[in-house]
Colleague: 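Got a structure for you, questions after.
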Amino acid sequence: MHNLPFALGNPSRHAQLLTTLEGLLEIQATEAKPALNQAAQLVSETLRADKADVFLYQPEVDTLVAMGTSDTPMGRKQLSLGLDRLQVSNGGQTVNVFQSGESYLSGHVEADQDELRGVREALGVRSAVVVPLNVDGIRRGAIQIDSAEAEHFSPEDVHFLEAVAHWVGMVLHRAELVERLTEEAAQRSRQVAADQLITILAHDLRAPLTALKGRIVMLQMRAQRDGQQAYLQDTMAMRRSAERLERMITDLMDTARLEQGLFTLTPTVVDLAALTRETAATLQTSDDEIVVRTPDELVVEADPDRIRQVLENLLTNARRHSPDGVAVILEVGTETRADGSWAIVTVRNYGPGIAPDILPRIFERFMTGRGTKGLGLGLYLARGIARAHGGMLTVDSSPGEGATFRLALPLRRLSPAEGTAE
Amino acid sequence: MEPTEQRAGRILVVEDDIEVGAMVVDHLRGSGYDVSWETTGQGGLRVIQEGGLAPDLIILDLLLPDIPGEDVYAGVDAHPDWAPIPVIVMSGLPTGAARGRLLPRSVYIQKPFDPPQLLALVAQYVGPSAGRPVSGA
C-alpha cells in the first residue's frame, strides 16, 4: 500500500474499481476516438499512472497507433517523440503483448532490453503494465499504463487493467457498429435520392422527346412524299438518334424501378425457341454471324418483350466482342436439376473474355466496358428481368477463352390433365 | 336509310404540354381531321358543358396540371351526348402502372409514341372523313 498517492488517501481496491467503472460508464461512447481518449484519461487518474494509452492495430501500415492517450506530460511527450505509432517490425513490449495476447508487468523497464530504447530512455518509463485488447473476439491492440517511478504497479493492477480492456473492447465494438450503420444509412438515403432523381428526370424528359420524335416523323413522311432524298436521309439519322435517346431514358426508368422494387412484367405463354430464332434473325447481318441451335419448340411463361430485350443485349454484346469471322453461338435447351426444370439459353463468344477485375461487377449498374456506348445498364437490367421471371442470368469467362452467358427460366411443367399449351 | 352527313372527323385533344399537343394536333390536322385542343382539364370540362357539337373521338392526357385526367373522363361519362364517345388515353406512365388507372371504354397509348402509331389507332375509331347518321331526335 506504500505506493498510494497522498491525494486519494487510502482507498481500497474495491472502491478503486468502482470509481473507475462509474467513470467509464459515464463516457458517451458513440464515437470511438473521443471515448478512447476519455477512457485513457480516467485510467491514468485512477491508477495513478503518468501515461495511459489505448493502442489499435492498423493493418495497412502494420503499426500499433495510440488512438486514445491520457492528457499528461508523458502523454504529450510521447506524441512529440512519435512514439504514439509503434511499427510492429520494431518490436517492443507493446507489440509483444499485441502479438502474444499475454499481459506484461514490469517495475524496472529501464533494465528490460526487449523494450524500445525510446520508451526506456527518451520517455523515461520505469514501470509499465500492458494488456491485450480484443474487440468482438478479435485481438485489435493493447492497453497500456506507464509510470516514471519504479515498481509503481502491482499484479492486481494487471487484473484491473484487463477488466478495463474488456470494457474498452465493448465500447469500441459499439462505436464501430454505430459508425458503420450510420454510413450505411447515409449511403442508402443517397441511393434513394439518386433513384428518385432518375425517375423524375427520365419522366420529365419523355414529353419533349415525344414531341421531337413526332416532328421528325412528320418531316420524314413529308420528305418521302416529296421525293426529297437528302432530307429523307437526314430525318432517318435524326430518328435513330431520337430512338437511342428513348432507349437510354427507358433503361434509366427501368433501372430506377428495379431498385425501388416496382419492376413489373406481363407474362404470357411463349415459345422461347421461336422467340430466340426470331431475335437472332433480326440481328444477323450475315449468315454465319450467329449460329443458332434450338429445339423446334420450347414453351415457357415469360414476358416476350422483356426476354427479347435480354436476348438482344446478350447477342449485341457477344457480337461486339467477337473477332472478325468468328461466330457467336446461341443455344436453347432444357436442364433438370435438384431445384427443378429450367429452360436455358446460352450465348457464347470466342473473344478476349472478360477481365478478372471486371467480372465480379459485370451485372452492376453503369458498368461501361471498353467500347460500350450507352449507360452500361444492359446487363443489370437483363439480370433484373431474369430474376423477375424467377430465373437467373450468369456468366462464365476467362481471359482468352471468350464468355458464355446463361439465361435460365423456370420451365412451366404441365400436368397430363392440363393438356398441352397452344 | 338515313341520310349521312359527310364531314371531317372531329377530335378533341386534352393535353397540357404545348410541344406534345402541337405535334399531335398538327399531325392529325395534316391527315384531314378537324381538331380542337384544350390545354387544361377544366378547359376540357367546359367544352363538354358548353353543349357544342360533340366530337367523334377524345384524346386525353392523364397527367394534367389542374385536375386529374380521370375527372375529365368522368365529365364525359356523365353527359348523355358524350358518354358513348371513344377515348384514347395518353400517358408517360409505363404499361403496368397505367393499368391501374385504366378507364373503361378507353384505350391506352404510351408516350413517347410515333405519330403513325397514334394515327393508326385514331383511324380505328374515326376516319378523316367520318360518315355519321344524322340524328333524328
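Just so it is clear: chains get the letters A, B, ... in the order the sequence lines come, proteins before strands, and each one is counted from 1.
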Colleague: Can you name the residues of residues 18-28 of chain B that have some heavy atom under 4.5 Å away from a heavy atom in chain A?
Modeller: B/Glu19, B/Val20, B/Ala22, B/Met23, B/Asp26, B/His27
Colleague: Between A/Met221 and B/Pro115, is any pair of side-chain heavy atoms under 4.5 Å apart?
Modeller: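 Heavy-atom side-chain distance check fails, nothing below 4.5 Å.
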Colleague: More than 12 foreign heavy atoms under 6.0 Å from CZ of A/Phe363: is that the case here?
Modeller: yes
Colleague: May I ask you to list the residues in residues 29-37 of chain B that approach chain A closer than 4.5 angstrom, counting heavy atoms only, ordered by number?
Modeller: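 Within residues 29-37 of chain B, no residue comes under 4.5 Å of chain A, counting heavy atoms only.
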Colleague: Is atom CZ of A/Arg190 surrounded by more than 12 heavy atoms (other residues, nucleotides or ligands) closer than 6.0 Å?
Modeller: yes
